[in-house]
Structures are given as structure tokens and as C-alpha cells.
Amino acid sequence: MSRVGVVVFPGSNCEHDVVAALSALGGRAELVWHAETDLAGYDALVLPGGFAHGDYLRPGALARFSPVMGAVAAAAEDGRPVLGICNGFQVLTEAGLLPGALQKNRGLTFLCQPTTLVVASARSVLTRGARVGQELVVPINHFSGSYVCDDATYRALVEGDQVVLRYADNPNGSRGDIAGIANVTGNVVGLMPHPERALSALLGSADGRVLLEGFLAAADDAAAQRLVTAP
Amino acid sequence: MEYAVRVDVTLRRGIADPEGATIERALPALGFAGVHSVRTGKAFALVVEADSAEGAREVAGSLATRLLSNPVIEDAAVTVVGVA
Amino acid sequence: MEYAVRVDVTLRRGIADPEGATIERALPALGFAGVHSVRTGKAFALVVEADSAEGAREVAGSLATRLLSNPVIEDAAVTVVGVA
Amino acid sequence: MSDEALHRALGLTDDEYALVEGVLHRAPNHLELAMFAVMWSEHCSYKSSRLHLRRLPTSAPWVLVGPGENAGVIDAGDGVAIALRIESHNHPSAIEPYQGAATGVGGILRDVFTMGARPLAVMDPLFFGPPDDARARWLVEGVVAGISGYGNSVGVPTIGGELTFDEGYAQNPLVNVLCVGALPRERLVLGRASGVGNLAVLLGSRTGRDGIGGVSVLASAGFSGADGAASLDDEKRPSVQVGDPYEEKRLIEACLALLDEGLVVGIQDLGGAGLTCAASETAARGGVGMDLDVTAVPLREAGMAPWEVMTSESQERMLAIVRPEDLAALEALCARWEVRSAVVGRVTAPVPDAAGRPVGMVRVREGFDGPVLAEAPAAALADEAPLYDRPRARPADLDALVDDDPVDEPAGDVAAELLAGLVDPAWVYRQYDSQLFLNTVVGPGRDAALLRLAGPGLPASERGFALTTDSNPRWCALDPRAGTALTLLEAIANLACVGATPAAVVNCLNFGNPEHPEVMWQLSEAVDGLAAACVATGLPVIGGNVSLYNESAGRDIDPTPVLGVVGLLERLVAPPPGWTWRDGDTVVLVGPREARPDPFPLAGSLFARRRGRRGGRLPAFDERALATCRFVAGEVARVCAGGPSPVAAVHDVGAGGLATALGEMSAASGVGLAWGDPRGHAELFTEAPGRFVVATRDPATLLDAAASAGVEATVLGVGAGERLTLGEWCDLAVADLAERRASALSAALGL
Ligand SMILES: Nc1ncnc2c1ncn2[C@@H]1O[C@H](COP(=O)(O)OP(=O)(O)O)[C@@H](O)[C@H]1O
Ligand SMILES: [Mg+2]
């Protein structure tokens, strides 16, 4: 079975939830401290939500310089699945692993509420188990979730099938209703909503399962691939 | 006349600035060892209609203390940059 | 030598400034009818150790673009205010 | 100024000063005076209220820690304990709403993780002046942003609260915060120093000149005859505390890890009165002394005087008592979390006093073995403030008020009244993370919050717990004794809606100026009302907080006791019924239809208040209502356990009465109801806790079950259509109800 590393920055707070969620789906997930520089043992990585380094300066601005980020970039480079949820998405954009930036919500308040997402691409490690057009109810929980990018970037995202999730009813002013994007190769995904919070009807929705199950499957694939190519 | 005005809002001396302190703690690791005493503040650029630069300064000053800052913890400084 | 430096970070042109817009909307009700074009930004005050003002500017400039601003949406300007 | 004037400027009376001299057997020096002044302040010593608080029942078999420690703790089953605490941050929030509220959250979290509990949730009862005023809006937006900014960032969800607007709070908003935490039972720790030779280690932020409130007169030019406040120079002006949630987050993780590893023998947060309070309380509880080196305290600002260091209220600091051999391990763990640690003192043996009894002394020194700057018995500082039985008097105008019963108040436009009562506080709670830890089953917006008994580091459990905060200043102004008792009943009713059985109570007593005999009477009555209601319901009070001197323009606020009640569920595997009924569901009023002996009085109701009528008589605490709550809680608990129950939707009848409850449910459902025979506007708007609107698909079973529980139940109608029709009194489109409810708050705030 694959091993998923869940990166903990000081100030992260969703790391336990992500581990619990992945474990509930049968995955094997472990916490990885941000000072770690060797991630060779992990087949996939999650940058969880929270307030890495207090979100001081800008969300992700300081976290991007955490020692672990070099190894995260290397993992992204060699094709391993890398998922940034909420603050993790902000870190990935600040680190340049995903294009664009996340600005304060249009309404200038923090928002914690369920949203309806529409799957826009099934090509990413997160959405590979979902259907394009499928609607998923997944909560958001952020202050800076309004996705911005310039026109050229936006065109490239659309043309490259890199927009993976859009809001049915845009809560924060994101360009193109974007809730989540992937890199060109689809192995690095960032999204503002929290799929780990939508794992059971008891907590309000189970629609996050299809996303995290897809991610775990991608992690398994990466593990198998790494076995094959291991020196 | 329209005047371009800037209002700088800074934390008063003695008031903790956790954001500045956190940035400062991160600097050595980024190779900026010689930088310290980081303080954060807000800046507003605005255009004020007034008869004179003095009038613009007054309007902006009142705006600065009433809306843009809380005088209990912040100081506000107004600069009339020029005619807009 | 220690130089007092300020770094101003402003939103790039074309990037929406919801905070500025919100302040602007609130102004008429507060009796500030003649104020418009409000843009918000951040300002950092720092002390930089360097051999010369030019050196201080360079260090601060690199800090400003690498850390204090996000070039995707923000511009940064550095001013060496004087000797600290 | 003379020393005599100085102690008064510090807030000590002449008698209190004499007491200090008696304790020390000499005149105190300025540092000692500052330490006594902060410790014997109302805020720290509860000197006006303590005599009364003693009347509250505090024990029950499941109580592990009662009042007196940093938080109360109960056994929640499955090896898990729950810690609970409530506090006010009223005055700081009036000056700087963002930071005032933010540091309120920070403070309450520290009280909870001090006990070894991981903070799992916060609630925020808030009271402001009417929102049509610019200052009130500034306060609301600032306070909510402060709670959101700090709570979300520190990683503790905010799962409920209250929001009240009333002119009584215009100058003096109330910002109360409650925190609940959970811990494996064996991790429970107490704020106690022990082991002579152990080290006192200060963890967290550096110390600055934050919140050095009353004692800042010491800054006035060396007490040299200058008049205190006027000569305060700007540089030294006492400053507002700024919260740093990122520091607190690391502090939480570091402290819980220290406790897990057994590296501390006692730990205590630094709150009001800062280091003085933490040192004297831990020493007093442990019956030991403590030496503190004031020069070892890491400072944020240069040139701080010892009294400033000892009384600073800088946030995000903890005092840990550590065995010397564990120091290196502690330092390593703190370094990992980037938490500053500094040895600032050590535990000392008690010394015999004149009568030969052992006394633990707090000594402030300059250098570890340097000169002693101040010396006082820990217990004298922490526990021996004089207790006052301040004069009490029933307000002279109360009889006239009680006689002004709003029975004669005409119906007016019932539909408009119903609409006016529909306010969804979602604009507030949407700003709070309410879901972290994957345990929130019912978040803010319903009757009570419901959580799984789960969280990082806790043993697995299928149990659940529920929380509510309640208050009713309208009732308490009329009759603080009955009003407080009814408030407890209201809380129990709210818990019943999510299937929880109440287990423990915390209270935050927000009152006016205790030097006004009317206020002391109100406080004493409220305490007696709470005590009686707790006895009647078998509930212990495990903690509380008293906030006095809440007044606006010389007028005391209405008495505002805020109750936080935690309830438990044995099994939580399915969500409880919500507020929504479906087409065809039978809608039933469960509980007495004539809720009060005098049919449908309006005294104390929102309806009457909106018409400027504040008078009338409150009902007594009603045992029938309690039985109703138990019945509903039992049915809902069955749903939560995955079993069958006829209950398909449930909501208690609270503020705004039956009309509001029906309006809220109908708006949430999107389905209407026609109720043919309300007996008039008084029945629609009367308020008496312990009644419920229940929807059912199996009315026969529900009515049978109610009957056999001895609970009255009245069928109101069947859910259908798109209108809510209440006899001849009101006929409204469901869509309009929903729209009004959703937009009311932002509209009122002008957003
Ligand atoms: N300040 C607040 N913060 C968070 N939640 C709030 C706040 N005010 C109200 N709520 C939530 O809104 C809901 C309705 O509150 P309220 O009308 O006081 O309930 P009730 O009348 O049943 O006691 C509750 O779930 C409450 O927790
Ligand atoms: Mg209720």
C-alpha cells in the first residue's frame, strides 16, 4: 500500500483531520514535520489546511520557505501526487507549483459554509474518480480563497484542462468560479474546499469521498510506478 | 481640486506586532541575516476633493482617525502627495 | 551601518481591491463625500545592516520581491529612509 | 504622590492597605503594593461576589474538577474527560473590539489546555447596542472579526453563541467566550507547584507593557507628588493587548506534548495580573513558595520596571513547573515548536510564620540569588483578598415595573411582528470555522451544537456531547432569581433538541456596578435562582466568571447571567432531526399549551420589549417543563443512536415564542403550515422555556409516547403548501419568511 505524507507546518491545523479521513478510506497516512527535507519514502503528499506560520504576511508566503518545500517540489517534479487543501493550495501557489494567487474573499470576511462544486476535469489525481459535470457538496473554510490570475494564465488553465473544480455558486469572487486547479501534468492539485470534511452523512456530506479515494488510488499507482522504476 | 493623499497606519510604539515579529524570525533562514526591527503597517492611497492641500489634509486626517485606524492602538500619518 | 528602510506593497493595476472598494462605499454615509479612488496596501518598516544606502536598498529590494510581495498580484517599492 | 494616595490610585481602599500591612507586618514597598493591587482587584479576587458564589452547588459523581481551578472538568465516559470554562472580555472589547475579542478567545483557550485538555470548541455570547448606530456596527464587525481571526487561526472551531441587541449595551458591549476541551482522563493536570527545587519556566511570548491597566499609575514620575494619570507620558501609556494566534497555536501543541511526555508537574496560564497571579496561585495551591528572578523574564521592550514585568498581561504565556532533570527535554520540545522557554524561578519550601505555621512565600528577586525586591505570602496574594458582603437592596422601582404587565398590549400586526423576530445569525457564524476536528454534527444555527466525543489524541468513542449558551436579560431585569432559573431551563430545552442530557453548568455573571446595592441584590438573587434550578435539575456548577462594573452612561446593564451547559449522549452515530418538516408531516406542540398559570402572559417577552413594555411577572420554574425536556431528549437520543423514533423535526420554543419557532421551521423547511386555532397574539408570542415544536410522520406513536411520559401534546396541523397561516392572525408566504430571516442581520448592520 502507498504511503501518504501529510505535511505539518507550525500553524497547520487540518493535518489530523486529513490523516483520519485518509485512514478511514483505507489509506496509510502519516504526519511529516515541515523541517523534513527527505520525502523519498512517501508516494504522495498532502499540504493540509490551517494557518501555516500564522498566515502572516500572506497565506503561504512564509511556508513556501519551509525546509520541506524543496522536497515537495521534487516530488511534484517526478510525478508523485501532491494535493494542497485550502492553506495547502495557497502554499502551492506561493511556491510556484501552481499558477495564480489567492486573494481575500470578495465579501472581506472569512467563510465557513457548504458549497456545491462542479467537477470540471477528471484528469487530475484528485478528480480521476469523478465524472465531469458531477456535483459535490463540500464545505469551504477560508478568508483568502478568491482565485486570481492574468488572462494568459486563465486561458492556459482552461485550454490545458487544468481547472478541476468550479463553484456552482461562487462564494468568494474567484476568477471563473475556480475552486481547484491542477498543474499541466495533473499530479499537483490545489483546491480551497475541504474534501476531508465531507466524508460522512453524520457530518453533513459524504461527497468528499470520491475525491480522496481518487487521490489514494493515484498514490497507489505512484507507489507501483516507483517500484517498477526503482534502481 | 483633487489631491492625491496617502495615509499610513502603523501600530503605536509598545503595541505588540506579532506579524512583524514572525517575519523577522523567518529572515535568517532566508539568508537575510542583517535585517531586523520589522514592523508592519497599512497604507491607503486616496483622492480627496478640496480647495487646498491643507483642506485635503484635514479631510484625510479625520478619515484616518475615524475610519482607517483605531487610535487606541494605531497611529495614522497623512501625506498630501500632490494634485491628482 | 544600519539603514531604516520602508517597503511599500501595493496591488498591481488591474487587480481588484475589494478592501479599498468597501471603504469607498462606506465613505458617503460618514460624511466623506469628496473622497474616492481608495486603494489599500501594506507598508513594512525595517532596519537593514549594509555598507551603504545602495547596499541597503539592494537587500531590501530582494526581500521585497522574494518575500514581502507576491509578484503575481503585487508591486513593491523600496525607500531608504535614512540611517537608523 | 504620597504612598497613601498611591494605594488608592492603584485601586486599594485604606482598609485593604491596612490589611496588606497586617499580612506583611510592615508597609509594603511599591512593587508589593502593585502585586497586591492586581491580585486583590475585583477581576482577580472576586471580592464582591465570592460570598454569593459559595451558594452554588458544585458536586456530582461525574465532576472531576469543580470551580477554583482554571476550568471545570467532568467525566464524559470511555476514558475521556471534558473541560469547560467561560469568561468575559467586555471592557477590552469596548475599546478595541478586534483585539479585545481576540484576546478573550486566547485567554479562554489557555484556561482549558492548562488542564491538559485539547481545546475543541469555542462559543461566543455577544451583546451590543442597537445596530442602527455606527459605533454599534463598528463593535459588532470588530468583535466578530476578532473572534474569527483568532479562533480560526489558532485552530479551534467556534460552534455557537448568542447575539443580542439592546440599548442597555450601547456603551458597554458584552463579549463572553466559552471553551470546551477534551482529554484522556489520565492526562488531567492541575495548576499546582510542587517539589522544592523544581523550576518555574515561562513559556511563550515575550513580556511587554500590555494591559498594565490600573497599576499604570506607578509609571507616573516616581510617585513624586505628580498627579498620576495626567503625567503619564505617551511612551509608557498602558497599551492594549494584541493577540497572536500563531504563538498560541504552537503553545497549545507544545504544552499538550509536554503533558503527554510527563515533563511538567504543574502548569498555569498567565491571564489577568500576569506573572504575579500565575506564581502566587500555583504556589498557594501547592502549599509552597516561589522565587522569581524578574531579570530572567524575556522582554519585548527595553527598560521595563519590575512592577511592569510582574503585572504585565502580555498574551500567550504559560508558567510550567518542571523538575530540573526534565529541563533539557522540555527545552528541546519547545524548540521544535518554536516556543520560547525561560527559567524564571524555582519552587521554595514554606517558611514558618510567627505562629510556626508553614507559609509559602512569593519572592521577586533581581537575579536568581540577588536582592529580594518583593516578598509576600502566596496565599495572601492569591486567596486572602478581603471578601465583601456589599449592601443589597431590591430596586425601588421594581414593584412598579412588575405591576406594569403587558397583558393589555394590543396584537398589532402579528405578521409584521413574526417577520421582525426572524433573524438568522449566519452572517456571524459563517465567519467561524465550525467544523475542524471532523466532529461537528450540528454546528451553529440550530438549538444547540452537537459534537462527537472525538479529537486528536482521544481514545475512540461513539459518544457525543452538546453545548449551548443561554441568557435572558429581559427576564432577569424583572426577576433575576426566576429569570436565571428559567435561563437554565431554556438551556436544557436547547440540549434536548439534539438529544443530550445536561451534565454540568458554567456561568458568566455580567452585572453592573457592585457598589450599587440594587446590582448586588440582582447578583445575589441570580445566584440563588441558579442554585435552586441546579438543585432541581441535579446539575453541578463547575466554573464561572463574574464581570462587574458594566454600565453605560451611569446606568447599569440589565443583569445578564450567561449560562453554558454541556450535555452528553451515549451514542452518536446518526444526525438528530433538524428543523425541517416535510409535506404531510404532522406538527405538534409538545409541552403544556398553557405554558404559564396565567394563560399566555407576555411579561418578559420579545414581543413586549419591542413595544417598550418591560414589566410584568415571570412564571416560576416549572417541573412539567423539565419532564417535557426529558421526553424530547430521550426521543432525539434514540435517533442519534440510530434507532427508531417518531420525531422527524424538533425545535424548542424560545425567544419570540411559538410564532417565531413555527416561522423558523417553516422557513427552513420551505413548506408551510396552517394552524387553525391559536387563541390570540399572546399565545403566539408568550415565552416559557421547555416547550417544543415537533414534526412527525407517525403522530399516533408520538402522542402515545408523550401521554405515557405524562407530557402534554397538541396537534397544530399538517405541514403543506407555501404559506404559514396562524388562524386569523397571520398569513405569510414561506419564501418571504426565509428571505427575511436570511437577510435581516446584514440589513440591520447595513452590509
Ligand atoms: N455570536 C454567535 N456566534 C456563533 N453562533 C451564534 C452566535 N449567535 C447565535 N449563534 C447561533 O445561532 C443559533 C440561534 O441562536 P439563539 O437564537 O440564541 O438560539 P436559542 O434561542 O435556541 O438559544 C444557535 O445555534 C447559536 O449558537
Ligand atoms: Mg433553541
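Protein chains get the first letters and strands the later ones, always in sequence-line order, with residue 1 at the start of each. What's counted below: heavy atoms across the whole structure, side chains too, no hydrogens, waters or symmetry copies.
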What pairs of residues pass the side chain to side chain donor-acceptor pair (under 3.5 Å) test when at least one of them lies in residues 68-81 of chain B, not counting sequence neighbours? B:Asn70-D:Glu96

Using non-hydrogen atoms and a 4.5 Å limit, figure out which bit of D:Tyr246 sits close to chain B: side chain, backbone, both or neither. side chain

Shortest non-hydrogen contact between B:Pro18 and D:Gly243, atoms and distance: CG-O, 3.7 Å

Partners passing salt bridge (Lys or Arg N to Asp or Glu O under 4.0 Å) against D:Glu248 (at least two apart in sequence or in another chain): D:Arg110

Where along residues 21-39 of chain B does a heavy atom come under 4.5 Å of chain D, listed by residue number? B:Thr22, B:Arg25

Suppose a student defines contact as a heavy atom less than 4.5 Å from any heavy atom of chain D. Which residues in residues 47-63 of chain B would they list? none

Closer than 3.5 angstrom, by distance alone: can the side chain of D:Arg300 be matched with the main-chain N or O of B:Gly14 as a donor-acceptor pair? yes

